[in-house]
Amino acid sequence: MIRLFRKAPDSGRPRRLTASVLRHNPADPASVPHWQDFVVEEAEGMTLFIALNEIRATQDPSLQFDFVCRAGICGSCAMLIDGRPGLACRTLTRDLGERFTLAPLPFFELIGDLSVNTGKWLRGTAERLRTWVHAAGRPDLDALEERMAPELAEAIYELDRCIECGCCVAGCGTAQMRPDFVGAIGLNKIARFRLDPRDTRSDEDFYELIGDDDGVFGCMSLLGCHDVCPKQLPLQTQIAFLRRRMAALGF
């Protein structure tokens, strides 16, 4: 197999990368959190996803991390990369130093090593905020889909690009202090269904869901969610708009 390496300007040899991984298996009573170093040889175009798979295949098959799509769509491989939430499949090793740290996303339940249970929290948030279209009456499955202005469809699609990776919640200061905070994910979902003309709920209905400190008024406007979103969603704009609307209703 021929491999192409990124040549360092001084030696002409590929870099030797040291990934320091925070490891812990909560299912094992004897396990304690600790850092473990793994050394890999950098290849041209290598991502953290590739590096982690090489580590698991050649050095330690017990290393736990999640992945599905490898294309920044599923959100499964989110983790702390040098202390910043990001996707392993979208992070090139050439953008990192020769030594870097990898840790699981905070806030979510730890499964093991770099794997966290985002699905459990996301399902609970979806049920709590009722994030589905609330239409009047039973839908007619044989009817044509209702027409929608292209501009409105684009606006809804923009918010629907959320891949629910959990990076925004992991980077949120409020979420670290308020475990019941719905986070930017939840607020983005509310903004999306508020735009949808098929949803019959009013702003008063949405106020009952997010009009408190666990909702839009709990946000401290640090905008960590906006900074770390891998899909570059307009979270700052949506949160500010919802806060104005909910504040008007509160008064």
Side-chain angles (χ1 to χ4, degrees), residues 1-6 8 13-125 163-172 175-176 179 183 185 224 228-231:
M1 179 177 65
I2 299 176
R3 299 182 64 186
L4 301 177
F5 296 107
R6 178 178 185 265
R13 297 179 179 177
R15 294 194 304 170
R16 290 178 61 81
L17 306 176
T18 300
S20 188
V21 181
L22 182 58
R23 305 203 63 183
H24 176 49
N25 182 4
D28 181 2
S31 175
V32 294
H34 64 282
W35 293 96
Q36 182 174 354
D37 290 349
F38 297 97
V39 178
V40 294
E41 200 169 70
E42 187 176 37
E44 182 65 31
M46 176 179 275
T47 64
L48 277 181
F49 164 80
I50 296 174
L52 285 169
N53 272 279
E54 183 170 327
I55 290 171
R56 188 154 67 180
T58 62
Q59 300 183 44
D60 191 341
S62 70
L63 179 62
Q64 298 183 69
F65 62 95
D66 298 319
F67 68 92
V68 178
C69 72
R70 304 193 302 174
I73 297 174
C74 71
S76 299
C77 64
M79 60 187 66
L80 288 186
I81 304 166
D82 274 343
R84 181 183 176 88
L87 300 180
C89 68
R90 299 296 297 272
T91 301
L92 293 169
T93 57
R94 69 187 180 202
D95 296 329
L96 303 173
E98 292 190 357
R99 185 180 185 89
F100 51 86
T101 61
L102 301 176
L105 289 183
F107 184 82
F108 300 102
E109 178 185 340
L110 178 66
I111 296 174
D113 298 336
L114 303 175
S115 175
V116 296
N117 192 349
T118 55
K120 179 180 178 180
W121 183 85
L122 287 166
R123 177 169 181 171
T125 301
I163 59 175
E164 299 185 344
C165 61
C167 286
C168 62
V169 179
C172 175
Q176 309 311 313
I185 291 179
V228 302
C229 177
K231 306 305 286 187

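The closest side-chain heavy-atom distance from Leu102 to Ile81 is below 4.5 Å. With contacts defined as side-chain heavy-atom distances shorter than 4.5 Å, the pair Gln176/Phe107 qualifies. Looking only at side-chain heavy atoms (C-beta outward), Lys231 and Ile163 come within less than 4.5 Å of each other. Two residues are said to be in side-chain contact when any heavy atoms from C-beta on lie closer than 4.5 Å; Glu44 and Arg94 meet this criterion. Put simply, the side chain of Cys168 does not reach to within 4.5 Å of the side chain of Cys229, judged on heavy atoms. At least one side-chain heavy atom of Pro230 sits under 4.5 Å from a side-chain heavy atom of Cys167.
Within a 6.0 Å radius of CZ in Arg90, no more than 12 heavy atoms belonging to other residues, nucleotides or ligands are found.
Here the closest heavy-atom approach between residue Ala78 and residue Cys165 is recorded as CB-O, 3.6 Å. Counting all heavy atoms, side chain and backbone alike, Cys74 lies closest to Val68 at SG-CB, 3.6 Å. Considering all non-hydrogen atoms of both residues, Ala103 and Met79 come closest at O-CB, 3.5 Å. Of all non-hydrogen atoms in Gly72 and Leu87, the two that sit nearest each other are CA-CD1, 4.0 Å. Between Leu110 and Ser115, the closest heavy-atom pair is CD1-O, 3.4 Å.
In this structure, Gln64 has no side chain to side chain donor-acceptor pair (under 3.5 Å) partners at least two apart in sequence or on a different chain. With sequence neighbours excluded, no residue forms a side chain to side chain donor-acceptor pair (under 3.5 Å) with Thr125. Not a single ring-ring contact (aromatic ring centres under 6.0 Å, His included) links Phe38 to another residue, sequence neighbours left out. Take Ala170 and apply the side-chain contact (heavy atoms from CB on, under 4.5 Å) test, not counting sequence neighbours, and it matches Pro85, Leu105, Pro106. In this view, Thr93 and Glu42 satisfy the side chain to side chain donor-acceptor pair (under 3.5 Å) rule, not counting sequence neighbours. Residues passing the salt bridge (charged side-chain N to carboxylate O under 4.0 Å, His left out) test with Arg70, sequence neighbours excluded: none. Taking the side-chain contact (heavy atoms from CB on, under 4.5 Å) definition, one finds that Ile50 meets it with Met46, Thr47, sequence neighbours left out. Partners of Glu98 by salt bridge (charged side-chain N to carboxylate O under 4.0 Å, His left out), not counting sequence neighbours: none found.
With Glu41 contributing its side chain and Leu17 its backbone, the two residues share no donor-acceptor pair below 3.5 Å.
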Does the side chain to side chain contact (heavy atoms under 4.5 Å, CB included) test come out yes or no for Val40 and Ile55, once each step is laid out?
-> CA-CA 7 Å; Val40 294; Ile55 290 171; 3.4 Å; yes

Does the side chain to side chain contact (heavy atoms under 4.5 Å, CB included) test come out yes or no for Leu22 and Leu114, once each step is laid out?
-> CA-CA 7 Å; Leu22 182 58; Leu114 303 175; 5.6 Å; no

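Among pairs with a residue in residues 52-105, those fulfilling ring-ring contact (aromatic ring centres under 6.0 Å, His included) read Phe49-Phe67, Phe65-Phe67, at least two apart in sequence or across chains. Pairs of residues two or more places apart, or lying in two chains, never qualify as ring-ring contact (aromatic ring centres under 6.0 Å, His included) while including a residue from residues 70-89. Screening residues 17-26 for side-chain hydrogen bond (donor to acceptor under 3.5 Å, both in side chains) gives Ser20-Asp37, Arg23-Gln36, Arg23-Asp60, Arg23-Ser62, Arg23-Asp113, His24-Ser31 as the qualifying pairs, with residues at least two apart or on separate chains.
Distance check, rounded to the nearest 0.5 Å: CG of Asp82 to OG1 of Thr91 gives 10.0 Å. With rounding to the nearest 0.5 Å, the separation of CG in Asp66 from CD1 in Ile111 is 6.0 Å.
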